[in-house]
Amino acid sequence: MKAFIQKNREILSEITANVFIAGILLLILHHFTSLIVSIWIDISLLSIITFASGFSWFFIFIQKDEEFFKTKTEPYFRNVFLAGLLIITIGILTFDFIENNQLLSSVVSFIASIQFYLVLLTIGSGFFTFYFNRERLEEIEEDIRQEELAEKRRKMEFAGKYPLINQIWGVRWIGKWMYKEGIFYSLLLVFISAYGSFLIFHNLETPEFFHDEWWHVSVITSLQKGGGFELWNYLIDEQIYEYPNTKVFTLTTYYISKVLGDDEWGLRFFTALMGSANIPLIYITFKKIIGKHAALLTSLMFSFNIIAIFLARFLRPYTLFLFCYMIVFYLSYLILEQMIRKEIYKTFITSLLIVFFYSIALDSREFAKILLPIVILFHLFYICNQYRKITNFKKNLNVIIPAGIIFIFLMLAMEFLDIINLSILPQQIGQFISMNKIRNPTIIYYVYLFECPIKGKLLGYILFVLGISLLLIKSLVKKRYDYFYFLLNTLIPLFTTIYLFDRFEDFRYIYYIIPFVYGCMMFGFTCFIDSLIKITTINNTYLKKYLSIIILIIFVIYPIIPGLTISGVTTKAPSEWQDSDGQQYLHRRAVAPEIEKAYNYVNKNINPPYALVVSDPRVKYLETVKSKRVYSFDPFNEKDEFYNVTTINKLDMTGNSTLRLDEMLAQNEKIVFIVPEVHMINKNFFTFLYENTTNVASDANISMYDYNSFYNSKQLYWPNIFVYDGAHSKT
């Protein structure tokens, strides 16, 4: 590049100078005259071209005597760059005390109005700042290497330095690990893990079970009553049909509940425990690849993430899946090092552990049966390819064929253990994978990743792009296979989930990718901070760490402080969500309907005879209803069909005794409908309910719910209790 510029300096200098001058003139004409420049060129594009050509001209010009211009101009570029960062930061502040102060608000508004030009100026000055200090930036890699050597030294000297602690089993391992990591990192990780765990366990018993949690509650009831992995019909106190999914998760939860109880606290405990364990696990698995600083900040980001907190408080195996997924990722990375060092025994043990955790992950999530084979194939290909390169094997087949045989054997073992059904894989692929998603991707997942709860969504995207760019460049330039491996495990699942998986726009499908996306972001962030500190000659290591955390908490994360919610500063904790808070902060699924209130009201205030219609036949409250004529319906079914809950068969949830709406009205003078999810039923059925029934949910002190679109103009609750009385119909 430099040789090309030297050879063509004159013509390149002339072109860039002319473009720069023309751009300046056009911008002046646009702002200070009546000439409408924007008709034939976008002003933003013109600004980018103008700034880029100006900086390009200067870059070409300084090649004549780089050292001279570095001495003369580098301090100015550095100061402009730092000032630009500060001003842009001030421009994105949205704190209440700023908005309420007229002077501060006007300053922020003015900065926001010229923010685009400030960003361009900051990027250009930043480029020259880093370019002039590129030799100093090379020292960062040496600092990382020295830290790794210091870790090894501390690990070796622990026994001699702390002989008493070294003699206590258990405590010895913890003490040795903390001393090796360093007191700062260890204590900070303990604090982050403790606070993240507090956010998860705080008020774990609230809200009551809802949505898909009832699958596990129902199966655990079956296990308690001596049945197998089957759903339980609370109305007739019998098993319904087999539910073979998530056996490991359900069985573990069942045994824990025998000790802690089968209420919301006891049954959610294992989920919460895995969610808490994922916080330090992220640091442990990531630090060897992206560095301790970035790994610690990733754990911090994850501990504050409201998706991670919410799903750790939800009786589903998402946290267990992520735990196993992270371990498979780390062990697949570790096994390559063991193969290179020819540690046969360790390689064998690691292989068994991969199979073990891979099996649990497959059992934990339905879509994992499609996702994990894709990911593990890339793992195998990557490991084999890197092993061939490093060990100078000339023939790929010497490694790929045995690895392929092992993979096939693993899949057959999954089939034998009834973890995965190979015969239905084509059906699952058709169910989960759609090529139409490439044209109509689930873009909402980007919002969950980069805008929830990151403060300043643009900053989130910038950090991610910076992170993946640095990982890719360093993996190519520095030959760092571990960087490329991390990048591979981030982008393949991310793009597969967004552009291939045909699933709902639900945050739970993107949950397992959050640590990897945040890892890329924090890698870019720490590289930037490290470079900035090297350039500004700040040599205080602790200042760097504290600065990073403060920046993250104030400008990137909405901190979660239970009992304290400040608009624009903090986010309400999921443990305190009520009414429509879940929808406000995350998604409709995060709002818990007050089902128990609804059943209690019906049992106390409505006397038989009446028919009861529910949207979910698995809830345990059915065993308390006075009426034995209980019907349910499929919320996603366009037909107004209702099936008798007492006749649910062993094959599906629809039963073999169905009624149409008109038939039900003819057979029952009074019908009570308990319906939380009116957004899931077809509009004809909803229109009938709204026009022909009385909604008594307010009498049960059930909170109103902020529905969207079609239902906005209606008074609806969460859940609704629609009462149809043929003799006193609204019509």
Side-chain angles (χ1 to χ4, degrees), residues 178 181 184-204 268-287 290-314 318-323 325-327 330 448-455 459-460 463-464 507-508 510-523 525-526 545-546 548-565 569-577 585-586 590:
M178 292 184 68
E181 292 297 312
F184 175 84
Y185 285 101
S186 301
L187 293 180
L188 197 53
L189 180 63
V190 169
F191 172 78
I192 292 170
S193 302
Y195 187 63
S197 300
F198 169 72
L199 293 175
I200 292 170
F201 278 94
H202 181 57
N203 289 335
L204 184 63
R268 287 175 177 151
F269 178 83
F270 181 55
T271 299
L273 183 65
M274 289 292 97
S276 300
N278 283 331
I279 297 172
L281 181 65
I282 288 170
Y283 171 77
I284 294 169
T285 55
F286 283 5
K287 78 181 187 75
I290 62 175
K292 295 170 65 174
H293 193 187
L296 189 67
L297 294 179
T298 303
S299 291
L300 175 65
M301 289 278 288
F302 187 79
S303 71
F304 279 101
N305 184 272
I306 56 174
I307 295 175
I309 298 170
F310 176 79
L311 290 179
R313 297 168 47 81
F314 195 69
Y318 304 114
T319 55
L320 176 62
F321 173 76
L322 178 59
F323 184 84
Y325 186 81
M326 293 286 296
I327 290 180
Y330 180 67
Y448 294 140
L449 289 170
F450 299 108
E451 302 176 27
C452 182
I454 296 174
K455 190 178 182 70
L459 183 59
L463 288 177
F464 181 66
F507 57 87
R508 54 193 170 134
I510 211 73
Y511 165 67
Y512 74 102
I513 306 176
I514 291 174
F516 294 90
V517 170
Y518 281 4
C520 287
M521 291 169 59
M522 292 303 97
F523 181 78
F525 177 72
T526 53
K545 297 166 184 174
Y546 292 131
S548 300
I549 294 170
I550 291 170
I551 291 173
L552 276 175
I553 291 178
I554 295 178
F555 301 118
V556 179
I557 306 171
Y558 287 103
I560 298 174
I561 306 173
L564 177 64
T565 304
V569 180
T570 64
T571 298
K572 185 181 288 188
S575 59
E576 298 175 346
W577 285 350
Y585 288 100
L586 189 55

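FYI, side chains are in, hydrogens and waters are out, and symmetry mates aren't considered; it's all heavy atoms of this structure.
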Inset, instruction - Sequence neighbours left out, what passes ring pair (Phe, Tyr, Trp, His ring centres under 6.0 Å) with Phe286? Give chain and number order. - result: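 Result, ring pair (Phe, Tyr, Trp, His ring centres under 6.0 Å) vs Phe286: Phe329, Phe486, Phe516.
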Beyond-backbone contact of [X] with [Y], side-chain heavy atoms, under 4.5 angstrom:
X: Leu320; Y: Phe270; value: yes
X: Phe450; Y: Leu463; value: no
X: Thr285; Y: Ile327; value: no

Between [X] and [Y], what is the shortest heavy-atom contact and its length?
X: Ile309; Y: Pro574; value: CG2-CG, 3.6 Å
X: Leu297; Y: Met522; value: CB-SD, 3.7 Å
X: Ile200; Y: Ala272; value: CG2-CB, 3.5 Å
X: Phe302; Y: Leu322; value: CZ-CD2, 3.7 Å
X: Met274; Y: Thr319; value: CB-OG1, 3.4 Å
X: Tyr511; Y: Pro515; value: O-CD, 3.7 Å

Pairwise distance [atom1]([X]) to [atom2]([Y]) - rounded to 0.5 angstrom:
X: Lys292; Y: Leu188; atom1: NZ; atom2: CG; result: 11.5 Å
X: Leu187; Y: Ile192; atom1: CG; atom2: CD1; result: 11.0 Å
X: Phe198; Y: Asn203; atom1: CZ; atom2: CG; result: 8.0 Å
X: Leu199; Y: Ser575; atom1: CG; atom2: OG; result: 7.0 Å
X: Leu311; Y: Phe314; atom1: CG; atom2: CZ; result: 8.0 Å
X: Ile279; Y: Ser303; atom1: CD1; atom2: OG; result: 5.5 Å

Donor-acceptor pair, distance only, cut-off 3.5 Å: does the side chain of [X] make one with the backbone of [Y]?
X: Asn305; Y: Met301; answer: no
X: Thr526; Y: His293; answer: no
X: Ser193; Y: Val190; answer: no

Inset, instruction - For this output row, return yes or no: ring centroids of Phe507 and Phe310 closer than 6.0 angstrom. - result: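 Here the rings of Phe310 and Phe507 have centres that are less than 6.0 Å from each other.
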Legend entry - Ring center gap for Tyr512 and Tyr318 short of 6.0 angstrom: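 No, they do not, as the ring centres are separated by 6.0 Å or more.
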Legend entry - Passing candidate, side chain to side chain contact (heavy atoms under 4.5 Å, CB included) with Tyr448, options Ile306, Val517, Ile510, Ile513: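 With Tyr448 as partner, side chain to side chain contact (heavy atoms under 4.5 Å, CB included) holds for just one option, Ile510.
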Legend entry - Audit row: Trp577, Leu586, side chain to side chain contact (heavy atoms under 4.5 Å, CB included) steps and yes/no: CA-CA 11 Å; Trp577 285 350; Leu586 189 55; 4.1 Å; yes
Legend entry - Arg313: salt bridge (charged side-chain N to carboxylate O under 4.0 Å, His left out) partners, not counting sequence neighbours: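 Arg313: no salt bridge (charged side-chain N to carboxylate O under 4.0 Å, His left out) contacts found.
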Inset, instruction - For the residue pair Tyr195 and Phe304, categorise the inter-ring angle as parallel (less than 30°), tilted (30 to 60°) or perpendicular (more than 60°). - result: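 If you compare the ring of Tyr195 with that of Phe304, the planes turn out tilted.
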